[in-house]
Amino acid sequence: MSEASVSDGVVTLSPLHVDDSDAHLAGEDELLVRWLDGGPGTRAGTAEYFRRCMEEWAVCGPLRAFGVRVGDRAALAGTIDLRFGMPGLVPGQVNIAYGLYPAWRGQGLATRAVDLVCRYAAAEGTNQAVIQVNPENLGSAAVARRSGFGYAGQSPDGDGIRLDRYVRDLRADRRGVVLP
């Protein structure tokens with residue numbers, strides 16, 4: 001599947017596009033920078049990253065970056081991405097990373113987005129999803145647990161930082177799922 005949109009009627013996930021850059025930058029706050037982005041975004045840097053995301057979609061690459069969209073106007077509420085073949089994963093696993101902008105937090109939208117992206121990953125043939133969370137990021141860990149992920153211990157990331165690892169079996173998600 002080269003590009004897909006998936007929705008539960010409240011949240012819609014669709015591929016990020018360069019024209020999402022301004023909305024992303026407007027929503028970026030200290031928590032996104034700390035836990036997800038690694039540093040404040042710039043217009044040029046964000047547009048370049050979103051261009052790379054579009055290129056990955058075009059070739060079914062290992063990165064599938066979605067915008068988390070809400071409402072009739074599909075307002076960009078955050079991002080969620082899948083990374084297939086990432087270091088530290090075994091074949092059949094995919095890493096999930098997500099972040100919502102401040103105005104959209106605390107409404108259950110991240111949990112919905114994780115459930116949707118798991119359905120997408122399952123339809124792509126993935127057996128297991130992994131969420132890696134800094135132990136201090138209690139909100140992200142709570143999303144993982146609410147989304148049916150179980151704690152699977154700690155492991156270091158590429159910089160040696162210990163991350164809590166949550167895992168969800170996706171084989172049940174694959175049953176009866178048809179995506180465009």
Side-chain angles (χ1 to χ4, degrees), residues 1-17 19-21 23-24 27-28 31-32 35-37 49-50 52-54 56-86 89 92-133 137 139-152 164-180:
M1 183 175 310
S2 63
E3 184 170 321
S5 187
V6 62
S7 180
D8 67 2
V10 175
V11 169
T12 299
L13 304 182
S14 61
L16 284 170
H17 291 275
D19 57 359
D20 291 321
S21 298
H24 176 74
E28 188 177 70
L31 290 177
L32 278 179
W35 301 125
L36 194 61
D37 295 342
Y49 175 70
F50 285 4
R52 280 198 327 263
C53 292
M54 292 171 63
E56 290 283 322
W57 276 106
V59 299
C60 277
L63 170 63
R64 311 284 168 82
F66 293 90
V68 178
R69 302 174 196 285
V70 179
D72 295 335
R73 295 188 333 222
L76 188 66
T79 65
I80 188 166
D81 68 52
L82 296 171
R83 291 185 188 262
F84 298 89
M86 191 171 120
L89 299 180
Q93 287 185 323
V94 66
N95 189 77
I96 299 174
Y98 46 86
L100 292 183
Y101 309 133
W104 301 101
R105 293 182 190 137
Q107 301 173 47
L109 301 174
T111 302
R112 287 176 173 271
V114 169
D115 284 337
L116 287 169
V117 85
C118 283
R119 285 180 28 205
Y120 175 88
E124 289 288 297
T126 304
N127 292 325
Q128 202 171 56
V130 177
I131 294 174
Q132 300 179 84
V133 179
N137 188 345
S140 191
V143 168
R145 288 189 304 274
R146 280 193 306 270
S147 299
F149 285 71
Y151 181 74
D164 287 340
R165 190 174 173 100
Y166 295 86
V167 177
R168 174 173 160 178
D169 189 318
L170 299 182
R171 288 171 286 204
D173 293 284
R174 198 172 301 130
R175 292 186 209 121
V177 174
V178 178
L179 296 175

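Please read these numbers as outputs of a predicted model, since none were measured by experiment.
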I'd like to know whether Phe149 forms a side-chain contact (heavy atoms from CB on, under 4.5 Å) with Ile96, so could you lay out the CA-CA distance, the side-chain angles of the two residues, the decisive distance to 0.1 Å, and finally the verdict. CA-CA 11 Å; Phe149 285 71; Ile96 299 174; 3.9 Å; yes
For Thr111, the side-chain hydrogen bond (donor to acceptor under 3.5 Å, both in side chains) test, sequence neighbours excluded, returns Arg146
Looking only at heavy atoms, the pair that brings Ala141 and Val133 closest together is N-CG1, 4.0 Å
Walk me through it: do Gln107 and Val11 pass the test side-chain contact (heavy atoms from CB on, under 4.5 Å)? CA-CA 11 Å; Gln107 301 173 47; Val11 169; over 6 Å; no
Report task. Indicate yes or no for a side-chain donor-acceptor contact from Thr126 to the backbone of Gln128 under 3.5 Å, with no hydrogens or angles considered. Result -> no
To the nearest 0.5 Å, atom CZ of Phe84 lies from atom CD of Glu56 at 11.0 Å
Here the pair of heavy atoms bringing Tyr120 nearest to Leu82 is CD2-CD1, 3.5 Å
Please examine the side chains of Val130 and Leu89, heavy atoms only from C-beta on, and report whether any two atoms are closer than 4.5 Å.
yes
Value for CG (Leu116) from OG (Ser147), rounded to nearest 0.5 Å, stands at 10.0 Å
Residues passing the salt bridge (Lys or Arg N to Asp or Glu O under 4.0 Å) test with Arg165, sequence neighbours excluded, are none
Across all chains, not counting sequence neighbours, the salt bridge (Lys or Arg N to Asp or Glu O under 4.0 Å) partners of Asp20 are Arg69
For Tyr101, the ring pair (Phe, Tyr, Trp, His ring centres under 6.0 Å) test, sequence neighbours excluded, returns His24
Counting C-beta onward and ignoring hydrogens, is there a side-chain heavy-atom pair between Trp57 and Arg64 closer than 4.5 Å?
yes
Could you verify whether a donor N or O on one side chain and an acceptor N or O on the other, from Ser5 and Ser14, lie under 3.5 Å apart?
no
Note: Leu13 and Phe66 closest approach over all heavy atoms is CB-CD2, 3.6 Å
Next on the checklist: One pair to check against side-chain contact (heavy atoms from CB on, under 4.5 Å): Asp115 and Asp8. What are the steps and the verdict?
Outcome noted: CA-CA 9 Å; Asp115 284 337; Asp8 67 2; over 6 Å; no
- prompt: Is the shortest heavy-atom distance from the side chain of Val117 to the side chain of Tyr98 under 4.5 Å?
  reply: no
Contacts of Arg105 meeting salt bridge (Lys or Arg N to Asp or Glu O under 4.0 Å) (sequence neighbours excluded), chain-then-number -> Asp29
Residues at least two apart in sequence or cross-chain that pass side-chain hydrogen bond (donor to acceptor under 3.5 Å, both in side chains) with Asn95, listed by chain then number, are Gln132
Closest non-hydrogen contact found for Cys53 with Leu63 is SG-CD2, 3.9 Å
Minimal heavy-atom distance between Leu76 and Gly67, with the atoms involved, is CD1-CA, 3.6 Å
Between Tyr166 and Arg145 the two heavy atoms that sit nearest each other are OH-NH1, 3.5 Å
Rounded to the nearest 0.5 angstrom, the CG-CG distance for Leu100 and Leu109 is 6.0 Å
For this session: Using the side-chain hydrogen bond (donor to acceptor under 3.5 Å, both in side chains) rule, take Ser21 and Tyr49 through it: C-alpha gap first, then chi angles, then the decisive distance, then the call.
Result: CA-CA 9 Å; Ser21 298; Tyr49 175 70; over 6 Å; no
When rounded to the nearest 0.5 Å, the distance separating OG1 of Thr79 from CD of Glu28 is 10.0 Å
